[in-house]
Amino acid sequence: MKRVLLGMSGGVDSSVAAILLKEAGYEVIGATMKLWESEDEYIEGGCCNMNSTIDAKRVCDVLDIPHYVLNFQEKFNTCVIQDFISEYKKCRTPNPCIECNKYLKFGTMYEMAKKLNCDYIATGHYAKIEYSEKYKQYVLKKSNAGKKDQSYVLYNLPKQMTDKVLFPLGNFENKEQIRKIAEEHNLQVAKKPDSEDICFIPDGDYKRFLETNSDLKADIGNIVNTEGKILGKHQGLYKYTIGQRKGLGISNEFPLFVKGFNPEKNELIVGEEKEIFSKEAIANEINLILMDEITAPMEVKAKIRYAAKEAECIIYPIEDGKIKVIFNEPQRAITPGQSIVFYIDDIVLGGGKII
């Protein structure tokens, strides 16, 4: 019997993943990662707090599988929280879930799985890993869940791990199907709401988090247009992101949106909506799953953020391992710090960070 270490957040997705793996004949070990110290360990919803750990333990008890709590706080602080702070200091907009997947789930947790003599690790993500006859290897693919597909946040999966990871929810089309399975097995988490906030910022106030946990403070500066005309005052560059319209505190004949930053002058640059569209992006920190390297231009589709639609483009290898992306149609608010993920049909080619 193959052993699998399953990351369990205490939510319904990972709980049902445990059911499906057990029914498929795996020896399942549940693992909940303790990643950060919460001001309120018993906060409702979210993940990585005491309530979520208790929920995961209860599910494991019902399913009669062992449950471990893995203390990864130091690694999480270094690779996720400090990266989050550093990116905002650089006027970039990070995605901490992607960093967590890269360094914790498919890094530290995988190392723990090997110590526990597990053959696989698994999570409750909506994605697929299947063997492709065309490419003669295991590939990461989009799930059947449409808008809930999470292949975007998994692009950093190491190529050499594709045959070591299981995603049991990949063939399901919606959350209702998952909740029904949980109800049929009398799991208390069947109706637990989805976690939508950043786990270490459960109140959603990332600006307060940055001010409390770093030396970032409101450094008031000028809001200017692309010609340099002063239009108003901003309250600290870290409080804004590319494409933002609300909260600028200035009036204009046409709506204005954040277009960019000038950290040297502490200026926030704004423009009309048409000015935040672009056909070009450059990405670094590239991770490729489908192949070892890109040596020539390729026609693919790309997503510039989790909620974006895939768009047709051509990708070009350029200096220092970077990739240049030219979209067929202009894209709205291409944002440094966010990830851009490349697809060939429903297969994830790989991705990188927008710079």
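Residue numbers run from 1 in the order of the sequence given. In what follows, every heavy atom counts, from backbone to side chain, and hydrogens, waters and symmetry copies are set aside.
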Residue pair Lys75, Glu111: steps toward the salt bridge (charged side-chain N to carboxylate O under 4.0 Å, His left out) verdict: CA-CA 13 Å; Lys75 183 82 169 182; Glu111 293 304 313; over 6 Å; no

Pairwise side-chain contact, Asn156 with Glu285, heavy-atom cut-off 4.5 Å (strictly under): no

Heavy-atom closest pair, residues Ile98 and Ser339: CD1-OG, 3.4 Å

Tyr26 and Tyr120 aromatic ring geometry - parallel, tilted or perpendicular at 30°/60° bounds: perpendicular

Check: Arg3 and Asn117 side chains under 4.5 Å, non-hydrogen atoms: yes

Worked verdict on Asn101 versus Leu154 for side-chain contact (heavy atoms from CB on, under 4.5 Å): CA-CA 7 Å; Asn101 287 335; Leu154 300 169; 4.0 Å; yes

Minimum side-chain heavy-atom gap Glu87-Pro96 below 4.5 Å: no

Side-chain donor-acceptor contact under 3.5 Å, Tyr343 with Ser151: yes

Crowding at NZ, Lys191 (>12 non-hydrogen neighbours, <6.0 Å): no

Lys102/Glu99 ion pair, N-O < 4.0 Å: no

Pairwise side-chain contact, Ile121 with Lys164, heavy-atom cut-off 4.5 Å (strictly under): no

Step-by-step side-chain contact (heavy atoms from CB on, under 4.5 Å) determination, Asp219 to Leu237: CA-CA 8 Å; Asp219 184 11; Leu237 295 179; over 6 Å; no

Verdict with reasoning, Arg179 to Asp194, per salt bridge (charged side-chain N to carboxylate O under 4.0 Å, His left out): CA-CA 11 Å; Arg179 294 193 185 280; Asp194 290 344; 3.4 Å; yes

Arg58 with Asp55: basic N within carboxylate O range, under 4.0 Å: yes

Residue Lys2 excluded, over 12 heavy atoms near NZ under 6.0 Å: no

Spatial distance of atom CD (Gln244) from atom NZ (Lys246) [nearest 0.5 Å]: 10.5 Å

Close side-chain approach of Asn186 to Val62, heavy-atom, < 4.5 Å: no

Nearest heavy-atom neighbours spanning Phe84 and Pro94: CD1-CG, 3.6 Å

Lys303 to Tyr306, cation-pi by 6.0 Å centre distance and 45° axis angle: yes

Flag for Thr93-Thr241: side-chain donor and acceptor within less than 3.5 Å: yes

Gln73 backbone acceptor or donor facing Asn71 side chain under 3.5 Å: yes

Connected via hydrophobic side-chain network under 4.5 Å: Ile181 and Leu187: yes

From CA spacing to verdict: side-chain contact (heavy atoms from CB on, under 4.5 Å), Ile85, Leu210: CA-CA 6 Å; Ile85 293 169; Leu210 290 170; 4.0 Å; yes

Other residues, nucleotides, ligands: >12 heavy atoms within 6.0 Å of Lys324 NZ: no

Residues Lys142 and Asp345 bridged, charged N to O under 4.0 Å: no

Which atom of Ile304 lies closest to which atom of Ile340, heavy atoms considered: CG2-CD1, 4.0 Å

From CA spacing to verdict: side-chain contact (heavy atoms from CB on, under 4.5 Å), Leu216, Lys207: CA-CA 9 Å; Leu216 278 169; Lys207 300 168 189 174; over 6 Å; no

Nearest heavy-atom neighbours spanning Gln150 and His125: OE1-CA, 3.2 Å

Side-chain heavy atoms of Thr162 within contact of Leu157, under 4.5 Å: yes

NZ/NE/NH1/NH2 to OD/OE distance under 4.0 Å, Lys128 and Asp346: no

Sole candidate of Ile65, Ile29, Thr32, Leu21 that passes side-chain contact (heavy atoms from CB on, under 4.5 Å) when paired with Leu6: Leu21

Common cluster, Tyr126/Phe167, ILVMFWY with side-chain heavy-atom separation under 4.5 Å: no

Glu319, CD: over 12 other non-hydrogen atoms inside 6.0 angstrom: yes

same_hphob_cluster(Val258, Ile334) at 4.5 Å side-chain heavy-atom cutoff: no

Heavy-atom pair of closest approach, residues Cys60 and Met8: SG-SD, 3.4 Å

Aromatic ring pairing Phe209/Phe200, orientation class (parallel under 30°, perpendicular over 60°, tilted between): tilted

Nearest-0.5 Å distance, CZ of residue Arg305 to CD1 of residue Ile354: 7.5 Å

Closest contact, heavy atoms only, Glu299 versus Ile314: CG-CG1, 4.0 Å

NZ/NE/NH1/NH2 to OD/OE distance under 4.0 Å, Lys259 and Glu275: no

